Amino acid sequence: MTDPAGDSGFRSGFVCFVGRPNAGKSTLTNALVGSKVAITSSKPQTTRHAVRGIISRPDAQLVIIDTPGLSKPRSLLQERLNDLVYTTWGEVDVIAVLFPSNQHVGPGDEYLVGEIASLSSPPKLVAIASKTDLVSPQRLAKHLLEIDALQDRLQVRWEHIVPCSAVNGEQVELVADVLVSLLDEGPAYYPDGETTDEPAETLVAELIREAALEGVRDELPHSIAVEVDEMGLREGRPEDRPLLDIYASLVVERDSQKPIMIGRGGEHIKQVGTAARRQITALLGTPVHLDLKVKVLKDWQRDPKHLNRLGF
């Protein structure tokens with residue numbers, strides 16, 4: 001830990017983003033941090049572990065934990081992801097609940113807020129009306145009233161209700177200011193300039209998975225995982241021309257999914273490799289040689305041994 005020298009009133013703490021799957025949690029995390037620390041996709045339930053995004057300001061350090069969407073478990077994987085969400089709730093100073101403005105507040109939102117309300121000592125709560133760029137001012141006004149009504153119905157209290165759009169940046173800074181205002185005074189937990197504490201291998205695996213999610217059938221995304229088998233700078237290269245070799249496996253659950261992931265003539269896996277390599281190079285600032293293969297771990301989402309191996 002580092003204490004900002006001479007900064008009286010410096011605030012620091014941890015905030016958890018929660019919401020239904022595809023509420024925009026990862027997109028808002030990236031917008032607040034100012035760089036990509038969490039993968040995003042139009043596919044629901046993209047996030048599979050607690051991603052920490054670090055925002056360092058002269059007056060504060062805010063650590064945002066983007067958690068998986070809480071949902072009815074249909075596999076051992078989802079049970080473990082739900083457990084991760086509940087554990088995270090007990091470790092943060094503030095919980096920010098995202099309600100996408102293009103969807104009505106529904107039973108899934110009420111269940112989520114009700115679960116938070118049932119905690120023995122709930123953290124401070126903030127409601128964020130996300131995706132405001134997708135709705136009219138009239139629809140947004142109704143949405144904000146729906147969010148406000150949850151307070152009496154579920155016996156919770158919102159410290160603030162903030163509408164924002166992570167896509168166009170509208171009120172993103174206000175979200176940061178509101179969250180910081182709810183933190184106690186404290187030290188910086190991470191060095192200035194650090195944006196995440198994710199290991200490079202984890203970030204690489206997530207960027208590959210993000211690329212793999214695009215253009216696949218609806219039933220396939222939940223079946224995809226990524227293992228980085230080997231990663232390191234290639235030996236014998238000049239210092240001014242480094243090359244990072246990455247060997248990774250796209251993991252699917254059934255034999256029938258393997259040809260879908262490879263694609264006709266290897267076309268899909270080539271597209272995945274090209275898109276992922278571009279993102280990894282931008283993230284790490286080093287040219288990348290990416291070697292991908294596809295392997296089957298039968299029903300890995302339901303197999304404790306496979307889940308442990310894949311880090312869940």
Side-chain angles (χ1 to χ4, degrees), residues 26 36-41 43-52 66-69 73-84 196-235 243-263 266-284 286-312:
S26 298
K36 188 164 193 165
V37 296
I39 69 170
T40 58
S41 171
K43 314 289 184 184
Q45 294 178 291
T46 301
T47 302
R48 283 189 179 154
H49 62 290
V51 179
R52 292 176 187 244
D66 174 21
T67 58
R74 293 183 172 84
S75 66
L76 181 58
L77 170 64
Q78 190 57 51
E79 285 181 25
R80 291 190 177 183
L81 295 183
N82 283 353
D83 288 344
L84 174 63
T196 184
D197 61 358
E198 292 286 294
E201 288 85 353
T202 302
L203 290 168
V204 165
E206 287 291 270
L207 290 174
I208 295 170
R209 186 164 67 90
E210 180 183 55
L213 289 173
E214 296 308 311
V216 295
R217 297 176 189 172
D218 286 343
E219 72 273 12
L220 193 51
H222 301 299
S223 299
I224 300 171
V226 175
E227 276 188 305
V228 174
D229 304 309
E230 191 179 336
M231 178 171 149
L233 289 171
R234 185 174 296 184
E235 294 182 3
L243 183 66
L244 183 64
D245 284 317
I246 300 172
Y247 298 87
S249 300
L250 293 162
V251 179
V252 293
E253 288 192 292
R254 297 190 294 277
D255 290 326
S256 60
Q257 295 170 335
K258 187 171 181 177
I260 298 172
M261 186 52 61
I262 293 171
E267 191 60 32
H268 183 252
I269 198 168
K270 287 178 188 172
Q271 292 173 355
V272 171
T274 299
R277 187 168 58 249
R278 189 182 306 120
Q279 292 272 20
I280 295 166
T281 298
L283 176 75
L284 301 180
T286 305
V288 168
H289 166 75
L290 179 59
D291 188 299
L292 294 177
K293 64 181 180 182
V294 181
K295 67 181 177 185
V296 179
L297 287 181
K298 189 170 176 57
D299 293 329
W300 67 262
Q301 292 187 73
R302 294 167 177 80
D303 187 315
K305 183 176 70 175
H306 291 331
L307 285 172
N308 292 340
R309 169 180 169 175
L310 293 169
F312 297 108

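Excluded from the calculations below are hydrogen atoms, water molecules and symmetry mates; all remaining heavy atoms, backbone and side chain alike, are included. In this text the structure is predicted, and so the values were computed from the model without any measurement. Numbers here simply count residues along the sequence, with the first being 1.
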In a table with atom names and distances, give each donor-acceptor pair under 3.5 Å that connects a side chain of residues 304-312 to protein atoms at least two apart or in another chain.
{"from": "Asn308", "atom 1": "OD1", "to": "Arg80", "atom 2": "NH1", "distance (Å)": "2.9"}
{"from": "Asn308", "atom 1": "ND2", "to": "Pro304", "atom 2": "O", "distance (Å)": "3.2"}
{"from": "Arg309", "atom 1": "NE", "to": "Glu227", "atom 2": "OE2", "distance (Å)": "3.1"}
{"from": "Arg309", "atom 1": "NH2", "to": "Glu227", "atom 2": "OE1", "distance (Å)": "3.3"}

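Note: Leu213 CG to Arg209 CZ = 6.0 Å, rounded to the nearest 0.5 Å. With rounding to the nearest 0.5 angstrom, the CD1 atom of Ile262 is 13.0 Å from the CD atom of Glu267. The CZ atom of Arg277 sits 13.5 Å away from atom CG of Leu207, with the distance rounded to the nearest 0.5 Å.
Contact between Lys293 and Ser249 at its shortest, heavy atoms only, is CE-OG, 3.0 Å. In plain terms, the two heavy atoms of Glu201 and Val228 that are nearest each other are O-CG2, 3.7 Å. Between Asp255 and Val296 the shortest heavy-atom distance is OD1-CG2, 3.6 Å. The shortest heavy-atom contact between Ala212 and Ile224 is O-CD1, 4.0 Å.
Between Ile246 and the choices Asp291, Ile280, Leu292, Asp229, the side-chain contact (heavy atoms from CB on, under 4.5 Å) rule is met once, by Ile280. Each of Met231, Glu235, Arg234 was scored for a side-chain contact (heavy atoms from CB on, under 4.5 Å) with Asp245, with one residue passing: Arg234.
In this structure a side-chain-to-backbone donor-acceptor pair under 3.5 Å is present from Trp300 to Ser223.
Among residues two or more places apart in sequence or in another chain, the side-chain hydrogen bond (donor to acceptor under 3.5 Å, both in side chains) test is passed with Arg278 by none. The side-chain contact (heavy atoms from CB on, under 4.5 Å) search around Asp83 returns none, not counting sequence neighbours.
Between Ile208 and Leu290, some side-chain heavy-atom pair lies under the 4.5 Å cut-off. Between Ile260 and Val252 the shortest side-chain heavy-atom distance does not fall below 4.5 Å. At least one side-chain heavy atom of Leu203 sits less than 4.5 Å from a side-chain heavy atom of Thr196.
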